[in-house]
Undergrad: 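Take a look at the following structure, please.
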Amino acid sequence: MQNVLIIGGGIAGVEAAIYYRKEGFDVELISDRPYVFIYPIAIWIPVGTTTFDNVAFPLEKLAARHGFTLSIDRVTSISARQRTITLEKGGKRTTDHLVIATGASKMKHAGIEHTLSICGAPEQSVQLKEKIDALIKKGSGKIAFGFGGNPNDPSGVRGGPGFELFFNLHHQLKKLGIRDNYEMTFFAPMPEPGARMGKKALSMMEMMFKQNRFGSRYGKKIARFEENGVVFEDESILESDLTMFIPAGDGSVFIKESDLPLNNAGFIRIDDFCEIVGVKGWYAIGDASALEGPDWKAKQGHIAEVMARNAAHNSAIAWGFKSGEKKGYKDHLNILCVMDMGNGAGFVYRDDKKATLIPMPIIGHWMKIAWGWYYKMSKMGYIPRIPGM
């Protein structure tokens, strides 16, 4: 049986492990943590509507269910020329068949230690809850949420979860009857954050901000973070008792230090079939890869899963397991999400032909909760996967 080594135990790596097994490969998944953290539903940890344990799904359950080997270790270096990876505990490994699904690193900002991120290390979601609980106990305060950009690759921007947590916190404070005691401001360096969702979505977001008396600081670069706020390039300050900030994605250090072909942001260059340019038999999927496509393209979980399934399919053809046409990821590029607000949601969709945002009442919130259950049950093979989800 042909072996494949998959590094990265996130959404992309898990999907790859499952589908490479389906294609008949002997799979080893190497992850630096023993669980897959389901980031799309982590937005509810800080507001107490779900728990860390409900969001962190054990990889050993998936490994046992699908028959792949799980190794908990961290990649420290990689060499395309030598066709090796080096692990912190496991040492150097040689492989002709590799899938890189290690995600992205984050852009570095001065004073970042004064912020917490809903898209950062999983434990920060719990730290955010602790900070929010303390601020509620205090009874008033100033709250600043935002995200950053990467001029070398805008596809690495993660704004949606920031908006979702912002809206959920607003809803929580309203339920407690203390919303008027807090200033809530959203900040971003771009003049129109969320613009790639389309004009209709942007217009509805602006309306929502006015209705709920949210402040905004857009179009100013972030100079640094301080204990009590955000300092912008013009030295203006946004005061804050709680700063939640999502840095844009950037290439991981061990990837940047490798001899892999990279774009200017340090993401791995691939062809449409997810194979690394010039490195036969090695693939890169999800946030670690450099996407090509329209200006509005975004790195999302469902695109990472498409890439994972395509890599498994294309590998099966390349290794002679089956015949057929290879599948590319570019035809599947779109923006798709249910933006949760705590008491409702907005269905967002964009492709080359249309951009849509459909407001949904409480059913939208229930749909996102149901998706979290669906994700775990479908990955375990207890229910069939719904195409496109």
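Reckoned from all heavy atoms, side chains included, excluding hydrogens, waters and symmetry mates.
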Undergrad: Which residues pass the side-chain hydrogen bond (donor to acceptor under 3.5 Å, both in side chains) test with R93, sequence neighbours left out?
TA: E28
Undergrad: Taking everything shown except E123 itself, do over 12 heavy atoms lie less than 6.0 Å from its CD?
TA: yes
Undergrad: Can you tell me which residue pairs pass the side-chain hydrogen bond (donor to acceptor under 3.5 Å, both in side chains) test with a partner in residues 158-167, sequence neighbours excluded?
TA: R158-D287, E164-K368
Undergrad: Hey, can you pull the donor-acceptor pairs under 3.5 Å for the side chains in residues 181-188, sequence neighbours left out?
TA:
from : atom 1 : to   : atom 2 : distance (Å)
N181 : ND2    : G139 : O      : 3.1
Y182 : OH     : L135 : O      : 2.8
Y182 : OH     : S140 : N      : 3.3

Undergrad: Can you list the residues that meet the salt bridge (Lys or Arg N to Asp or Glu O under 4.0 Å) rule with R217, with sequence neighbours excluded?
TA: none
Undergrad: Residues in ring-ring contact (aromatic ring centres under 6.0 Å, His included) with F57, at least two apart?
TA: none
Undergrad: Please give the remaining members of the hydrophobic cluster of V277, linking ILVMFWY side chains under 4.5 Å, ordered by chain and number.
TA: none
Undergrad: Mind jotting down which residue pairs meet the ring pair (Phe, Tyr, Trp, His ring centres under 6.0 Å) criterion with at least one end in residues 323-366? Sequence neighbours excluded, please.
TA: W44-H365
Undergrad: Tell me if the aromatic rings of F52 and Y35 count as close, with their centers under 6.0 Å from one another.
TA: yes
Undergrad: Which residues pass the salt bridge (Lys or Arg N to Asp or Glu O under 4.0 Å) test with D250, not counting sequence neighbours?
TA: K256
Undergrad: Can you list everything that forms a salt bridge (Lys or Arg N to Asp or Glu O under 4.0 Å) with K327? Sequence neighbours excluded, please.
TA: none
Undergrad: Among side-chain atoms of S77 and T86, is any donor-acceptor pair under 3.5 angstrom?
TA: yes
Undergrad: If the condition is salt bridge (Lys or Arg N to Asp or Glu O under 4.0 Å), which residues does K299 pass it with, not counting sequence neighbours?
TA: none
Undergrad: What residues form a ring-ring contact (aromatic ring centres under 6.0 Å, His included) with F273, not counting sequence neighbours?
TA: none
Undergrad: Which side-chain N or O atoms in residues 316-325 pair as donor and acceptor under 3.5 Å with protein atoms at least two apart or in another chain?
TA:
from : atom 1 : to   : atom 2 : distance (Å)
W319 : NE1    : H97  : ND1    : 3.4
K322 : NZ     : E23  : OE1    : 3.3
K322 : NZ     : E23  : OE2    : 2.8
K322 : NZ     : H313 : ND1    : 2.8

